[in-house]
Asker: 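Before anything else, here's the structure in question.
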Amino acid sequence: MSELANKVPAIRTIVMPADGNPYGVAFGGWLMAQMAQAGGALAAQHSKHQSVVVGANDVRFGHPVEIGDELSVYAEFSKIGRSSMTVQVEAFRRDRHGDEMTRAASGVYTFVAVNSDGKPVQVPALD
């Protein structure tokens, strides 16, 4: 996902003081939650069902996200199973007054589509 010019982020938000620690940067857990929301939005749209996160792997933090930064989170499928969807997620930070985007974090999230009873359901294959 290195080419961002033609991609639309799943989530774009401004990092607020409540999202950060005393050092003026976003909590890592908050950043992971934003990434899970972005991946979950993609999974739910594709599966047409509630999609719950069942795992996060290879999560890496590359650059601090400061309070006031704009955070853009991008998600794309890397694998579709019977009821599971593996999503590669990348988060980029940008100073609100600048143009340069820097990768802040990346990870691989796994979601399972479930019905109203919480039971896994089959998801469609990728086109």
Side-chain angles (χ1 to χ4, degrees):
M1 271 192 294
S2 58
E3 180 57 49
L4 299 176
N6 298 321
K7 293 189 181 281
V8 176
I11 290 179
R12 180 173 282 158
T13 190
I14 303 299
V15 183
M16 301 302 286
D19 306 323
N21 63 29
Y23 302 103
V25 297
F27 288 116
W30 178 85
L31 185 52
M32 288 179 67
Q34 299 303 305
M35 294 167 66
Q37 286 183 12
L42 179 67
Q45 181 181 25
H46 176 74
S47 70
K48 308 295 189 242
H49 286 86
Q50 177 183 354
S51 296
V52 295
V53 65
V54 296
N57 297 307
D58 201 26
V59 176
R60 306 222 181 243
F61 299 97
H63 192 284
V65 181
E66 297 181 13
I67 304 304
D69 281 354
E70 178 184 270
L71 180 73
S72 298
V73 186
Y74 300 83
E76 65 183 8
F77 291 114
S78 57
K79 181 181 171 189
I80 300 284
R82 190 189 78 71
S83 63
S84 67
M85 295 158 282
T86 304
V87 181
Q88 176 67 42
V89 183
E90 290 183 304
F92 290 82
R93 50 92 38 208
R94 180 184 68 80
D95 179 274
R96 290 183 76 185
H97 305 114
D99 294 322
E100 183 179 346
M101 293 180 68
T102 307
R103 185 188 324 198
S106 62
V108 178
Y109 286 71
T110 303
F111 297 86
V112 171
V114 296
N115 63 18
S116 60
D117 294 327
K119 304 292 184 198
V121 296
Q122 189 165 349
V123 298
L126 286 176
D127 294 333

Asker: I'd like to know if E100 and R94 make a salt bridge, using a cut-off of under 4.0 Å between side-chain N and carboxylate O.
Answerer: no
Asker: Answer with yes or no whether the hydrophobic clustering places V59 together with V53; edges join I, L, V, M, F, W, Y residues whose side-chain heavy atoms lie under 4.5 Å apart.
Answerer: yes
Asker: To the nearest 0.5 Å, tell me how far L71 CG sits from D19 CG.
Answerer: 9.5 Å
Asker: Treating Ile, Leu, Val, Met, Phe, Trp and Tyr as nodes and any side-chain heavy-atom pair under 4.5 angstrom as an edge, say whether F61 and V65 lie in one connected cluster.
Answerer: yes
Asker: Are more than 12 heavy atoms from other residues, nucleotides or ligands located less than 6.0 Å from atom CZ of R96?
Answerer: no
Asker: List the atom of A91, the atom of M35, and the distance in Å for their closest heavy-atom pair.
Answerer: CB-CG, 4.2 Å
Asker: When rounded to the nearest 0.5 angstrom, what distance separates CD1 in I80 from CD in Q122?
Answerer: 11.5 Å
Asker: Measure the shortest side-chain to side-chain distance between E90 and F92 over non-hydrogen atoms and say whether it is less than 4.5 angstrom.
Answerer: yes
Asker: Ignoring hydrogens, what is the shortest heavy-atom contact between I14 and G68? Give both atom names and the distance.
Answerer: CG2-O, 3.9 Å
Asker: Can you name the nearest heavy-atom pair linking A104 to R93, along with the distance?
Answerer: CB-CG, 4.0 Å
Asker: Identify the two heavy atoms, one from F77 and one from H46, that lie closest to each other, and give their separation to 0.1 Å.
Answerer: CZ-CB, 3.5 Å
Asker: Take T86 and S78 through the test side-chain contact (heavy atoms from CB on, under 4.5 Å) and record every step on the way to the result.
Answerer: CA-CA 6 Å; T86 304; S78 57; 3.3 Å; yes
Asker: Any idea which heavy atoms bring I11 and Q37 closest together, and the distance?
Answerer: CD1-CB, 3.4 Å
Asker: Report yes or no: does N21 contribute a side-chain atom to a donor-acceptor pair with the main-chain N or O of Y23 at less than 3.5 Å?
Answerer: yes
Asker: With rounding to the nearest 0.5 angstrom, report the OG to CG distance, S51 to L42.
Answerer: 9.0 Å
Asker: Which heavy atom of I67 sits nearest to which heavy atom of M16, and what is that distance?
Answerer: CD1-O, 3.5 Å
Asker: Do the side-chain N and O atoms of R12 and S72 include a donor-acceptor pair separated by under 3.5 angstrom?
Answerer: yes
Asker: Quick one: pull up CG in N57 and OH in Y109 and give me the separation to the nearest 0.5 Å.
Answerer: 10.0 Å
